[in-house]
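Presented below is the structure to which this report refers.
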Amino acid sequence: MAREWIREIAARGSVSGADGLDKLRRILSRECGAAYRLRDARARLLLLSIAVLSGQPKLIEVDGRLLVMMSVKDLREIVCQGEFEAFLAAAKLVASKGLGRRKVKNR
């Protein structure tokens, strides 16, 4: 399944310690493939951006360190885990009932 990596990372919850970071690196390395060097990533920025927006994260190596490139939608799914949709539903309910801020008229 194309979005399985998001569920795997979200299921990990809080990542702490060397073991947790190692598992996170393995999940991302499996999904992203080999890391692009910075020069290659710059040359392929449009193609990388299209792939990332379609749901496939990419790794870029910068000075020996790894950078993960992912869409905000994927990040939201990992961090919020459905809470954002509940928030939007509640916000729409409040807006439809007019329960927002009270409008005050000048005297």
Side-chain angles (χ1 to χ4, degrees):
M1 185 174 281
R3 311 293 282 180
E4 187 65 31
W5 68 274
I6 293 175
R7 283 190 282 281
E8 283 185 60
I9 293 175
R12 301 251 353 114
S14 177
V15 177
S16 61
D19 186 45
L21 284 174
D22 192 42
K23 288 180 182 178
L24 181 62
R25 281 188 187 121
R26 273 188 261 135
I27 292 170
L28 287 172
S29 293
R30 184 185 67 227
E31 183 62 33
C32 299
Y36 288 91
R37 289 187 358 231
L38 184 59
R39 175 176 281 226
D40 297 331
R42 239 186 264 138
R44 295 180 174 94
L45 184 59
L46 177 64
L47 297 175
L48 289 174
S49 300
I50 291 170
V52 165
L53 289 174
S54 68
Q56 183 175 2
K58 296 293 180 184
L59 290 176
I60 301 172
E61 184 179 339
V62 180
D63 295 332
R65 301 172 111 186
L66 290 179
L67 172 114
V68 179
M69 186 174 167
M70 71 173 62
S71 70
V72 173
K73 179 183 176 190
D74 294 340
L75 182 62
R76 185 191 76 196
E77 287 180 31
I78 292 169
V79 174
C80 296
Q81 298 179 14
E83 296 170 9
F84 190 72
E85 287 77 16
F87 169 77
L88 285 178
K92 287 179 183 176
L93 178 68
V94 168
S96 68
K97 291 187 176 184
L99 300 174
R101 292 179 57 171
R102 184 175 56 123
K103 293 183 181 177
V104 179
K105 294 181 181 177
N106 291 335
R107 296 180 200 198

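Here, residue 1 is the first one in the sequence, and each next residue gets the next number. Note that this is a predicted model, so its numbers are computed, not measured.
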### Message
Within this structure, what is the CD-CH2 distance for the pair Gln56 and Trp5, rounded to the nearest 0.5 Å?
### Response
9.5 Å

### Query
Excluding sequence neighbours, so at least two apart, what forms side-chain contact (heavy atoms from CB on, under 4.5 Å) with Ser71?
Val52, Leu53, Lys73, Asp74

### Query
Should Leu28 and Met69 be regarded as members of a common hydrophobic cluster, given that ILVMFWY residues are connected when their side-chain heavy atoms come within less than 4.5 Å of each other, either directly or indirectly?
no

### Full working for side-chain contact (heavy atoms from CB on, under 4.5 Å) between Glu61 and Tyr36
CA-CA 6 Å; Glu61 184 179 339; Tyr36 288 91; over 6 Å; no

#### Entry: Nearest heavy-atom neighbours spanning Lys58 and Cys32
N-SG, 3.8 Å

### Message
Counting only heavy atoms from other residues, nucleotides and ligands, does the tally under 6.0 Å from CZ of Arg37 exceed 12?
### Response
no

### Val68, Leu67, Leu45 screened by side-chain contact (heavy atoms from CB on, under 4.5 Å) with Ile60, the one that passes
Leu67

### Task
Heavy atoms only: give me the nearest Leu66-Ala35 pair and the separation to one decimal.
CD2-CB, 3.7 Å

### Message
For the CE atom of Met70 and the CD atom of Glu31, what is their distance to the nearest 0.5 Å?
### Response
10.0 Å

### Message
Under 4.5 Å between side-chain heavy atoms, counting indirect links through other Ile/Leu/Val/Met/Phe/Trp/Tyr residues: same cluster for Leu47 and Leu59 or not?
### Response
no

